Amino acid sequence: MSKCKFKRVMLKLSGEALAGTNGFGIDFNVAQRIAMEIKELVEMGVEVGAVVGGGNIWRGRDGSDMDRTTADYMGMLATCINALALQDSLEGLGVMTRVQTAIEMKEVAEPFIRRRAMRHLEKGRVVIFAAGTGNPYFSTDTTAALRAAEIEAEVILLAKKVDGVYDKDPHKYSDAKKYDSLSYIQVLEQGLQVMDSTATSLCMDNNIPILVFALDEPGNIKRAIMGEEIGTMVCK
Ligand code: UDP
């Protein structure tokens, strides 16, 4: 067997990650590449839960003139579209998957049932958690933290466009410093752009480490699983 550092992980992909360079919608070449990386993990015996965002289609805050809850429900539905796209890419590679939604749409996917999700994971199926937490005013980062706690994932793999957490925007400042590790409190106190504060607090309270790394670099998800020192680890 492999020298995996983790047995069960929660992978958080932002909606943007699926948009590729288009910045909007779904780039199926990108979805395919992500699916191939996930497949590698499954073949290594890692149990994978995944939460996908919806920002490539709609974010609640895009609807500034709208009723906030309606705008947020639109965002949650956007995550379902992404979840089905990822499911399709994974199944195309022969990876068994289940999508579970926090808002019931049982013709489309299973409702979220924790025990059932655990069973799928034990059987080597990738479980994609869609529709966020099912509640407005939350994010898919918070969803990842919540589901990670529920399925007892050992780590949240937070795939980003940048290769870790910096003290300032590395695209704007050449002297930006990357952190190898950070505590939850540092993230919260310094307002660092890792997850929103609700999600970070949930991870802190439940002691779930967050590994922030760049998705653009092929093979990075596997490196993260093997415990290679990539990205930034946020923990106690
Ligand atoms: N959302 C929500 N409740 C949740 C999760 C998500 O209302 O529990 C909505 C919210 O409007 C959010 C949108 O869904 O903006 C898409 O999620 P997110 O912005 O987290 O996606 P990402 O930025 O990761 O692509």
Side-chain angles (χ1 to χ4, degrees), residues 9-28 30-31 34 38 49-87 89 99-105 108-109 111-114 117 127-151 153 156-162 165 169 187 191-203 205-206 208 210-216 221 231 234:
V9 301
M10 172 59 75
L11 177 65
K12 164 71 207 307
L13 301 164
S14 68
E16 253 187 345
L18 288 178
T21 48
N22 304 338
F24 184 81
I26 299 165
D27 179 334
F28 277 90
V30 175
I34 295 171
I38 296 176
V51 167
V52 204
N56 55 324
I57 300 170
W58 181 265
R59 281 197 182 96
R61 61 178 178 273
D62 295 338
S64 51
D65 295 333
M66 292 181 65
D67 168 54
R68 169 69 192 266
T69 52
T70 304
D72 279 343
Y73 280 121
M74 288 166 65
M76 286 183 257
L77 293 176
T79 72
C80 298
I81 295 176
N82 286 334
L84 294 180
L86 183 62
Q87 174 174 50
S89 295
V99 173
Q100 291 202 342
T101 60
I103 295 171
E104 221 176 280
M105 48 181 88
V108 177
F112 171 65
I113 299 171
R114 176 184 171 269
V127 184
I128 306 167
F129 299 101
T133 59
N135 301 292
Y137 296 97
F138 287 94
S139 67
T140 52
D141 283 350
T142 303
T143 310
L146 175 63
R147 297 288 182 248
E150 287 176 290
I151 66 166
I156 295 177
L157 303 175
L158 189 60
K160 293 260 192 193
K161 282 199 178 291
V162 281
V165 184
D169 187 346
V187 171
L192 296 169
Q193 299 295 310
V194 180
M195 290 176 142
D196 55 74
S197 56
T198 312
T200 308
S201 305
L202 199 54
C203 289
D205 293 348
N206 294 286
I208 305 166
I210 311 159
L211 180 62
V212 185
F213 67 102
L215 186 63
D216 288 352
I221 302 184
V234 181

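Both counts, for ligands and for their atoms, begin at 1 and track the order of listing. Note that the coordinates shown come from a computational prediction; the quantities given were computed from them, not determined experimentally.
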- prompt: Got Val162 and Asp169 here, is their nearest side-chain heavy-atom distance under 4.5 Å?
  reply: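 Val162 does not reach Asp169 side chain to side chain.
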message: Within the structure provided, determine whether Leu86 and Leu13 are in side-chain contact (heavy-atom separation under 4.5 Å).
response: yes
Out of all atoms in ligand 1, which are within 4.0 Å of some heavy atom of [X]? Include the element for each.
X: Thr133; value: 4 (C), 8 (O)
X: Gly132; value: 4 (C), 5 (C), 8 (O)
X: Gly60; value: 10 (C), 11 (O), 12 (C), 15 (O)
X: Thr143; value: 5 (C), 8 (O)
X: Gly53; value: 21 (O), 22 (P), 24 (O), 25 (O)

message: Quick check on side-chain contact (heavy atoms from CB on, under 4.5 Å): which of Asn82, Thr143, Thr140 does Val52 satisfy it with?
response: Asn82
message: Under a 3.5 Å cutoff, is there a donor and acceptor pairing between the side chains of Ser14 and Lys160?
response: no
query: Does a donor on one side chain and an acceptor on the other come within less than 3.5 Å for Asp196 and Thr142?
result: yes
Output side-chain donor-acceptor pairs under 3.5 Å for residues 57-64, partner residues at least two apart or in another chain, one line each.
unit_1	atom_1	unit_2	atom_2	d
Trp58	NE1	Ala71	O	2.9
Asp62	OD2	Arg59	N	2.9

Below 3.5 Å, N or O to N or O, backbone or side chain included: is there any such pair between [X] and ligand 1?
X: Gly15; answer: yes
X: Thr140; answer: yes
X: Asn56; answer: no
X: Gly54; answer: yes
X: Leu13; answer: no
X: Asp141; answer: no
X: Trp58; answer: no
X: Asp72; answer: yes

field: Under the side chain to side chain contact (heavy atoms under 4.5 Å, CB included) test, residues paired with Val99 that sit two or more places apart
entry: Ala83, Leu84, Gln87, Thr101, Ala109, Ile128, Ala130
Which residue owns the protein heavy atom closest to [atom], what's the atom, and how far is it?
atom: atom 3 (N) of ligand 1; result: Asn135 O, 2.6 Å
atom: atom 1 (N) of ligand 1; result: Phe138 O, 3.3 Å
atom: atom 5 (C) of ligand 1; result: Ser139 C, 3.4 Å

message: For atom 19 (O) of ligand 1, which of the options Arg59, Arg61, Met74, Arg68 provides the nearest non-hydrogen atom?
response: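 Ranked by closest heavy atom to atom 19 (O) of ligand 1, first place is Arg59.
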task: Tell me which one of Gly75, Gly63, Gly55 gets a heavy atom nearest to atom 14 (O) of ligand 1.
output: Gly75
- prompt: Looking at ligand 1, does Lys12 have a heavy atom less than 4.0 Å from it?
  reply: yes
field: Pro136 heavy atom under 4.0 Å from ligand 1
entry: yes
- request: List the steps, then state whether side chain to side chain contact (heavy atoms under 4.5 Å, CB included) holds for Ile103 with Tyr73.
  value: CA-CA 10 Å; Ile103 295 171; Tyr73 280 121; 4.0 Å; yes
message: Using every non-hydrogen atom in the two residues, find where Ile34 and Ala17 come nearest and quote the distance to one decimal.
response: CD1-O, 4.2 Å
task: Kindly indicate, with the supporting measurements, whether the criterion side chain to side chain contact (heavy atoms under 4.5 Å, CB included) is fulfilled by Met195 and Ile156.
output: CA-CA 11 Å; Met195 290 176 142; Ile156 295 177; 4.1 Å; yes
- prompt: Does the side chain to side chain contact (heavy atoms under 4.5 Å, CB included) test come out yes or no for Met74 and Met66, once each step is laid out?
  reply: CA-CA 11 Å; Met74 288 166 65; Met66 292 181 65; 3.4 Å; yes
message: Test side chain to side chain contact (heavy atoms under 4.5 Å, CB included) on Phe138 and Asp72; report intermediate values, then the result.
response: CA-CA 8 Å; Phe138 287 94; Asp72 279 343; over 6 Å; no
